[in-house]
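Below you'll find the structure, written out as structure tokens, and then a few comments.
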Amino acid sequence: MSDFVVGLTGGIGSGKTAVSERFQALGIDVVDADLGSRAVLDRGQPALEAIATHLGPDLLNENGCLNRAELRRRVFANAEERQWLEQLTRPLIGAWLQEQLRQASSPYAMVVNPLLIETGHHRICQRVLVIDALESTQLERTMRRDGNDEAQVRSIMAAQTSRQQRLAAADDVIVNDGTLGALDDPVRALHEKYLALAAK
Ligand code: ATP
């Protein structure tokens, strides 16, 4: 169990994965909240029963798996349903994160969550690291990676916390506006800093 947890966040395409992979390569246990949000909706999880009761049995396939595409469509079209789903899953994802962190054995651990601040999960972190990039850069990288059009990426960006709000919650910031290789030095410097803080 690592007592010192660094929460890593940033907007879509800012470079969270590129940065967290570098911490992982330095031996740090990294927990990905996106995996948690999938895990709590796996077959047999209690949240599925609640979803079928609340939104209808057609949300589950014959084999009992969640129809994720249909769920996305339903909550995207209806803000109230979206809120209901968030209220259902947020504590479950929080518990999943805590369990993963309990198993972490590196000197400090890292939680990667695009919605770290929105979900309040930054409160379980000793330190918040924000990956910052210009919105035009986020847009360009995400479109290139996912083949999405500009409107799709912009609608996701609009649903996320603003860059200013994110930066206001940051203890540390990595500006990812250069090459991928340019991430190595700031990651190493922060790693040294977190090791020192965690050892206190
Ligand atoms: P998401 O929120 O969508 O999961 P993310 O914040 O994890 O995104 P990454 O997946 O790390 O972002 O980066 C988005 C894309 O941009 C990837 O294809 C990645 O390889 C690329 N990328 C990230 N940083 C840089 C950089 N400095 N130079 C060039 N390409 C980059």
Side-chain angles (χ1 to χ4, degrees), residues 5-42 68-69 71-73 75-76 82 85-86 89-90 93-94 96-97 100-101 104 108-122 124-125 127-191 194:
V5 179
V6 177
L8 184 151
T9 192
I12 183 168
S14 57
K16 295 179 292 299
T17 306
V19 171
S20 65
E21 280 172 356
R22 283 167 166 73
F23 280 97
Q24 211 160 16
L26 294 170
I28 295 309
D29 290 324
V30 173
V31 183
D32 183 345
D34 279 344
L35 294 182
S37 58
R38 294 189 73 81
V40 302
L41 296 177
D42 270 350
R68 289 177 192 266
L71 181 68
R72 255 197 309 275
R73 198 186 62 71
V75 300
F76 199 71
R82 190 161 61 238
L85 182 70
E86 276 166 14
T89 55
R90 189 172 297 178
I93 299 168
W96 183 91
L97 284 174
Q100 299 293 312
L101 288 172
Y108 66 91
M110 180 168 275
V111 170
V112 181
N113 188 348
L115 303 176
L116 188 77
I117 293 146
E118 293 89 326
T119 54
H121 287 159
H122 62 297
I124 64 162
C125 301
R127 203 89 193 162
V128 173
L129 168 58
V130 168
I131 313 308
D132 187 46
L134 287 172
E135 288 184 354
S136 54
T137 309
Q138 288 178 253
L139 201 61
E140 181 199 316
R141 283 184 190 147
T142 310
M143 284 166 61
R144 187 161 4 109
R145 185 193 56 191
D146 300 339
N148 285 343
D149 64 33
E150 181 170 340
Q152 279 173 309
V153 184
R154 279 202 187 278
S155 76
I156 295 170
M157 282 167 67
Q160 295 184 334
T161 294
S162 72
R163 197 175 162 203
Q164 285 69 23
Q165 278 172 310
R166 218 181 275 118
L167 287 171
D171 296 301
D172 304 297
V173 178
I174 290 182
V175 179
N176 181 19
D177 60 3
T179 61
L180 281 168
L183 292 171
D184 292 341
D185 283 349
V187 166
R188 189 162 284 282
L190 281 175
H191 176 63
Y194 296 150

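Just so it is clear, the values below take in all heavy atoms, side chains as well, and ignore hydrogens, waters and symmetry mates. Numbering of ligands and ligand atoms starts at 1, following listing order.
Sorted by first and then second residue, the salt bridge (Lys or Arg N to Asp or Glu O under 4.0 Å) pairs with a member in residues 16-30 read Arg22-Asp184; sequence neighbours excluded.
Checked by atom type and distance alone, the side chain of Asp171 pairs as donor or acceptor with a backbone atom of Val128 at under 3.5 Å. Side-chain atoms of Glu118 come within 3.5 Å of backbone N or O of Thr161 as a donor-acceptor pair.
Partners of Glu135 according to the side chain to side chain donor-acceptor pair (under 3.5 Å) rule, which considers only residues two or more places apart in sequence or in another chain, do not exist here. In this view, His122 satisfies the ring pair (Phe, Tyr, Trp, His ring centres under 6.0 Å) rule with no residue, not counting sequence neighbours.
Within 4.0 Å of ligand 1, contacts by protein heavy atoms are made from Gly11, Ile12, Gly13, Ser14, Gly15, Lys16, Thr17, Ala18, Arg141, Arg145, Asn176, Gly178, Thr179, Leu180.
Between Phe23 and Tyr108, the ring planes are perpendicular. Angles over 60° get that label, and only those under 30° would be called parallel.
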